[in-house]
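Letters A, B, ... are given to chains in the order of the sequence lines, protein chains preceding strands, and every chain is numbered from 1.
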Amino acid sequence: MIQKLLLFSNIAVLMEAEETKKSLNFIEAIVEKDLQEGKNGGRIQTRFPPEPNGYLHIGHAKAICMDFGIAEKYNGICNLRFDDTNPTTEDVEYVNSIQEDIQWLGFKWANVYYASDYFQQLWDLAIKLIKDGKAYIDEQSAEEIAKQKGNPTTPGIESPYRNRPIEENLALFEKMNSGDVKDGDLVLRAKIDMASSNMHFRDPIMYRIINNRPHHRTGSKWKAYPMYDFAHGQSDYFEGVTHSLCTLEFEVHRPLYDWFIDQFANKDYRPRQNEFNRLNITYTVMSKRKMLQLVQEKLVSGWDDPRMPTLCGLRRRGYTPTSIRNFIDKIGYTKYDGIIDVSLLEHSIREELNATATRVSGVLNPVKLIITNYPEGKTEMMEAINNPEDETKGSREISFSKEIWMERDDFMENPPKGYFRMTPDKEVRLKNAYIVKCTGCKKDVNGEIEEVYCEYDPMTKSGMPESNRKVKGTLHWVDAKNCIDAEVRLYDRLFIVENPSEEKEKDFKELLNPDSLKTVLNCKVEPCLQTAKPLENFQFQRLGYFNIDPDSKKGKLIFNRTVSLKDSWAKEKK
RNA sequence: UGUCUCAUGGUGUAAUGGUAGCACAUCAGUUUCUGAAUCUGCUUGUCUAGGUUCGAAUCCUAGUGAGACAACCA
């Protein structure tokens, strides 16, 4: 018994040592320190707070992994909270897609909350601030207020309405919510410091009027809506959030976050905001505004266009939840705002699919290969291993006959140095079949190759001793008599420059890659793909990883290329 | 000419005063019935100048560079 206990404690120690081997990111370090100091009674609570006004992208995935990851790691909880304080752009469509995407990534929230559920509490707090002489109604135009704000290097000037009597402020605040006042005519501002070096302290707006569109949850009950700065920290407080984690651009908001909470909070509990770097990836954009433009101007097919960095786009492209989470895990969290090479993302999906994807044959740009000495009408079944990285996946049979489709690029009459595919008088191996020797080709009047000819060596069938002969090239193929047509969509980077957001003088849309989508029709693929399910991943041998696009219908297969295989030959040619 | 934040190979990230390590990318080789994967190896880095210290990527000072902030967006 004692020995058993000792063993267990040793294991615990070892496990701890194992765990501490992987260094903590700075947020985890903060959390552990808070835990050691017994802050908030050792309770850990985070939240993921999207505004339901767009689709989640891979940048959100980074925040999601942080928010949910911290809760999971430290036995806390993470809630999903919709920051729905601005009805003009928000919609239930987004509420739903956001929940779907989080679940797809594999995270579970403790509760779903809405900032709109706190509208009454926030309203009451605003009234308290007015009564304390710390908030007032301004009736100047947005332009006037902006002008008075000054700029980061010159102080602002005070509003003429700043010292309005409390009773008048209370009456006008009520009026803001009556529906009788036009948008923009009245705002509630906090009375702080128009000369503050932090622009957010120059009497920030707490409430504004939005009449034009009912709220997707509260309907037309409210006309005056709280601003982010007045809603976010309080919502965190109401919910009992201990660590309010967000991205770096909110750093300058933190003093205001604390200031509002100071106005009413008791001293024994306090949510703390900490900021980490947001995700940027080369050759794409990570701004909701820009993505929305691409969608609205139909420069992409929608939020789920496989070229988009949205989670629904990546999913459709063939990315898996684990590949995205592994990617996020690799890039880490710091306060340095850099840009991640997209090749790391590509590596994450290749790494996974290499281990899991079934190998099949697909010929994208087919040309007929005729094995002249192969008996007419004969068909042989060949064994094809489903995944050489995973024996448990077994094998399947594929048919082989006199006429097969091969890749047009795999034949050259006058090849460059280093080419070891099909070329006259040279031998190549047909994957899972025979070694063949090219004997020539037939061209049409324009010199286009119509057919390629070869002779097979019957002794070299895969598995036979003779087949071990050293042959440099191995080609994929499909049986012309037994294959199906498919459409294949090849994707390239969406933009032609590494960082489209950095180009100041050019509109980012001018930097779109005109060749980001190539649709290839009449590709030939193995018949077994007929029964493949939407989003199922495959490796087309020698070409890359592909999945079934959800637009596929029976009889009309559509594949997306998730990512190509690495290709050192293509590199060498350059 | 303000406030805040940041600075480690090409990119990202570790080292928490004590041997600058890892991943991706690159290149070379190995292996291969996928020009993939595997395996091995190479190259490349602490922004600058001072200071503290036996010892500094790490602490201090100054400089340089970068980012965020001037929405009735979040």
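One C1' atom belongs to rC60(B), the other to rU53(B), and the distance between them is 12 Å to the nearest Å. One C1' atom belongs to rA37(B), the other to rU30(B), and the distance between them is 13 Å to the nearest Å. Here the separation of rU16(B) from rU58(B), taken at their P atoms, is 12 Å to the nearest Å. With both ends at atom P, the span from rU11(B) to rU64(B) equals 23 Å, rounded to whole Å. Spacing between rA36(B) and rG29(B) at atom P, rounded to whole Å, works out to 13 Å. Taking atom C1' on both rG45(B) and rA23(B), the two are 15 Å apart, rounded to the nearest angstrom. For the P atoms, the distance from rG9(B) to rU46(B) is 7 Å, rounded to whole Å. Using P as the reference atom, rU40(B) and rA25(B) are 16 Å apart when rounded to the nearest Å.
Figure legend. rG65(B) is base-paired to rC6(B); pairs are counted as Watson-Crick or G-U wobble with both atom distances under 3.5 Å. Across all strands shown, rC59(B) forms a Watson-Crick or G-U wobble pair, both distances under 3.5 Å, with rG51(B). Using N1 to N3 plus N6-O4 or O6-N4 for Watson-Crick, or N1-O2 and O6-N3 for G-U wobble, each under 3.5 Å, rC73(B) pairs with nothing.
A donor N or O paired with an acceptor N or O is not found under 3.5 Å between the base of rU5(B) and the side-chain atoms of Glu275(A). Between the base of rA71(B) and the side chain of His200(A) there is no donor-acceptor pair shorter than 3.5 Å.
Judged purely by distance below 3.5 Å, without hydrogens or angles, the side chains of Gln140(A) and Ser159(A) pair a donor atom with an acceptor atom. With no hydrogens or angles considered, a side-chain donor-acceptor pair links Asp236(A) and Ser244(A) at under 3.5 Å. Remark: the Tyr434(A) side chain and the Glu380(A) side chain contain an N/O donor-acceptor pair separated by less than 3.5 Å.
When the P atom of rC73(B) is taken as reference, atom CZ of Arg208(A) falls 5 Å away, rounded to whole Å. For Glu249(A) and rU5(B), the CD to P distance is 16 Å, given to the nearest whole Å. One interatomic measurement links the two molecules: CD of Glu346(A) to C1' of rA37(B), which rounds to 16 Å at whole-angstrom precision. Rounded to whole Å, atom P of rG67(B) lies 13 Å from atom CD1 of Ile339(A). Here rC24(B) presents its C1' atom at 5 Å from CG of Leu344(A), a figure rounded to the nearest Å. Distance CD (Gln148(A)) to P (rA70(B)): 17 Å, rounded to an integer number of Å.
Closest to the side chain of Thr85(A), out of rA70(B), rU34(B), rA74(B), is rA74(B).
In this structure, Val252(A) and Ser141(A) both approach RNA chain B, and ranking their closest nucleotides by distance from the 5' end singles out Val252(A). Nearest-nucleotide assignment on RNA chain B puts the 5′-proximal partner with His347(A), out of His347(A) and Ala142(A).
Remark: ring of Tyr228(A) not stacked against base of rA74(B); the cut-offs of centroid gap under 5.5 Å and plane tilt under 30° are not jointly satisfied.
Ion pairing of Arg272(A) with Asp34(A) is absent here, as no side-chain N (NZ or NE/NH1/NH2) approaches a carboxylate O to less than 4.0 Å.
Both the sub-6.0 Å distance and the 45° axial angle are not jointly satisfied by Lys426(A) relative to the ring of Phe420(A).
Within 4.0 Å of Gln541(A), counting heavy atoms only, lies at least one base atom of the nucleic acid.
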Verdict with reasoning, Phe119(A) to His215(A), per ring pair (Phe, Tyr, Trp, His ring centres under 6.0 Å): CA-CA 12 Å; Phe119(A) 281 170; His215(A) 190 277; 5.7 Å; yes
